Novice: 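There's a structure below that I have some questions on.
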There are 2 protein chains.
Amino acid sequence: MPSVKRDFGVVPQATRPGPQCDDCEIREISVCRSMSPPDLARLQAIISTTHVAAGQPITHEGEPAESLFNVVSGAVKLYKLLPDGRRQITGFLFPGDFLGIALNDTYVYTAEALTPVRLCRFPRRRLEALLREIPNLEHELLNEVATELVAAQDQMLLLGRKTARERVASFLLMLDRGTKRTNRPPNILDLPMSRGDIADYLGLTTETVSRTFTQLRKAGVIALTHRGEVEILDRAGLEAESEGG
Amino acid sequence: MPSVKRDFGVVPQATRPGPQCDDCEIREISVCRSMSPPDLARLQAIISTTHVAAGQPITHEGEPAESLFNVVSGAVKLYKLLPDGRRQITGFLFPGDFLGIALNDTYVYTAEALTPVRLCRFPRRRLEALLREIPNLEHELLNEVATELVAAQDQMLLLGRKTARERVASFLLMLDRGTKRTNRPPNILDLPMSRGDIADYLGLTTETVSRTFTQLRKAGVIALTHRGEVEILDRAGLEAESEGG
DNA sequence: CGACACCTTGACCAACGTCAAATCCGGTGG
DNA sequence: CCACCGGATTTGACGTTGGTCAAGGTGTCG
């Protein structure tokens, strides 16, 4: 297999105008879901499509937020850093997820592509103008952000109160719920992120994540397939593990 | 000092109609901030005022969300529980804060009064109807929820990556920023919550929180006054402590 | 004055982190 | 086809932070 993956995004942020919302594969699972045809046309007028190569940044914490994005394909990680380099990943994004919540027009986290990523880009100023004209769009965004907030609160419970084993089990179940939207074989999870990324998401270390995977494997709850995938062998068992059952 | 505090809320959820938004002391710091007079009148038509006694629940995780609230006075804690009783406090609310984010019309956390609390109550159905008619209100709510999301992400960084000392220092600074909106003497923080509450907010135990307060006091960064208050003696020092300086 | 809840302090312990080495695996080049 | 290289992952030995258990202290309220 030659370097197809790499070529996919050799020009980070390379932008093409003129995508067609009608053909969009994430239309039904994204914020554009309930737009009327005329509203959708206005939205389509301001968007463009962007490719970002694996490992490349998309937004940078602290920089002015000039664009918002919808993830069309690929996977993205969001993180915050402490001055000494400690890192907390606040979320992973998959197709249909919205990216670019900002405060005072400044990105509050860094977003980085885990795989080659295709994005639908909204210039912030123009999107904000549209928000005023299309209340329905603002409504969808409110739903989106509220859902993210609920997820963030679940993550606080995980980070503040769960054991390493419960965290890893919860993580796998969360990933599984997330990929329900795609057409993958059930119970097989692709992990586009490294052990280190998982550790920084769960408030653990690479070693502890690795050891915990091993424990869950030996307990017969999951299996680790050749190419970095995880198979859920015992969903009920995993669910019990995730809350201290 | 007799039991004034207790009497204040002996009838939890006792509701009176007919409050006057014009006189509202939190008008300028709440979601009603930018409403036009006619819009405000429509909002006022659906609200009522509620008192809740200290220690009483306001919403309960998992129950149908029939009302949303604005905190007018007092302090509130929000928390989630694991089946075995482990608790994570996801936030503290103060005057001007909005309460009642729900998913599928179900509360995702329990809210409990820390002190006697006055609330401005919005019936959910009627508020949702108003949202459709007053885009500006939806816009304010979106801002509110986005701000909460940003705070939640900071808290994830705290829970996932900070030491006990950094957590407590960050907590005090956060409280201080929050009370900027009120007219309290600078550098004196009232702590309406117990050490146990602080622990459940910071992902620690009561003992560790207590020990860490003692450490910070001995380091000359804070002082603990007689009546459960904290004085910030060295703000720069506290800020350094909060990020591993 | 006494009960009780909350807070503080102390001694000990365990879960997870740190440091280090072995192993796996894809990619590369002979 | 096979030997080798480098990064990611796994595993092991050991250390540390913060948790657990338990005993005092302190303030409040009846």
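Proteins come first, then strands; the chains are lettered A, B, ... in the order of their sequence lines, and each starts at number 1. All values below come from the heavy atoms of this structure, side chains included, with hydrogens, waters and symmetry mates left out. All of these numbers come straight from a predicted model, not from anything done at the bench.
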Novice: Can you list everything that forms a side-chain hydrogen bond (donor to acceptor under 3.5 Å, both in side chains) with B/Asp154? Sequence neighbours excluded, please.
Specialist: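 A/Lys80.
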Novice: In whole angstrom, what separates B/Ile198's CD1 from D/dG19's P?
Specialist: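 These atoms are roughly 14 Å apart.
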Novice: Please give, in whole Å, the distance from C/dT8 P to B/Leu224 CG?
Specialist: 7 Å
Novice: Please identify each residue that fulfils salt bridge (Lys or Arg N to Asp or Glu O under 4.0 Å) with A/Asp97, with sequence neighbours left out.
Specialist: A/Arg181
Novice: Verify the contact: side-chain N or O of B/Thr214 to OP1 or OP2 of C/dT9, cut-off strictly under 4.0 Å; return yes or no.
Specialist: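 For C/dT9, OP1/OP2 do have a side-chain N/O of B/Thr214 under 4.0 Å.
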Novice: Within this structure, what is the CG-to-C1' distance between A/Leu191 and C/dC25, rounded to whole angstrom?
Specialist: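 Taking CG of A/Leu191 and C1' of C/dC25, I get 17 Å after rounding.
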Novice: Please check this pair: side chain of B/Gln88 against backbone of B/Asp200, looking for a donor-acceptor N/O pair closer than 3.5 Å.
Specialist: yes
Novice: Output the rounded distance in Å from CZ (A/Arg86) to C1' (C/dT18).
Specialist: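 Atom-to-atom, A/Arg86 to C/dT18, this comes out as 15 Å.
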Novice: Which letters describe nucleotides 13-18 of chain D, given B = protein heavy atom under 4.0 Å from base, S = only from sugar-phosphate, - = neither?
Specialist: B----S
Novice: Test of understanding: with side-chain hydrogen bond (donor to acceptor under 3.5 Å, both in side chains), list the residues that count as partners of A/Glu207, not counting sequence neighbours.
Specialist: none
Novice: Figure out the CG/P separation between B/Asp200 and D/dG19, and round it to whole Å.
Specialist: 11 Å
Novice: Between atom CG in B/Leu114 and atom P in C/dA5, what is the gap in whole Å?
Specialist: 18 Å
Novice: Please classify the nucleic acid contact of A/Ser210 as base, sugar-phosphate, or nothing, using heavy-atom distances under 4.0 Å.
Specialist: base
Novice: Output all residues satisfying ring pair (Phe, Tyr, Trp, His ring centres under 6.0 Å) with B/Tyr201, sequence neighbours left out; order by chain, then residue number.
Specialist: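 Partners of B/Tyr201 by the ring pair (Phe, Tyr, Trp, His ring centres under 6.0 Å) criterion, ordered by chain and then number, come out as B/Phe92, B/Phe171.
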Novice: Tell me the side-chain hydrogen bond (donor to acceptor under 3.5 Å, both in side chains) pairs involving residues 236-245 of chain B, sequence neighbours left out?
Specialist: B/Arg165-B/Glu241
Novice: Looking only at N and O atoms, is any donor in the side chain of B/Glu207 or the base of C/dC7 less than 3.5 Å from an acceptor on the other one?
Specialist: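 No, the side chain and the base share no sub-3.5 Å donor-acceptor pair.
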Novice: Whole Å only: how far is the CD atom of A/Glu229 from the P atom of D/dT9?
Specialist: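 Value for this atom pair: 14 Å.
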Novice: In whole angstrom, what separates A/Arg195's CZ from C/dT23's C1'?
Specialist: 14 Å
Novice: Tell me whether A/Thr115 contacts the main-chain N or O of A/Ala75 through its side chain, where contact means a donor paired with an acceptor under 3.5 Å.
Specialist: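 Between the backbone of A/Ala75 and the side chain of A/Thr115 there is a qualifying donor-acceptor contact (under 3.5 Å).
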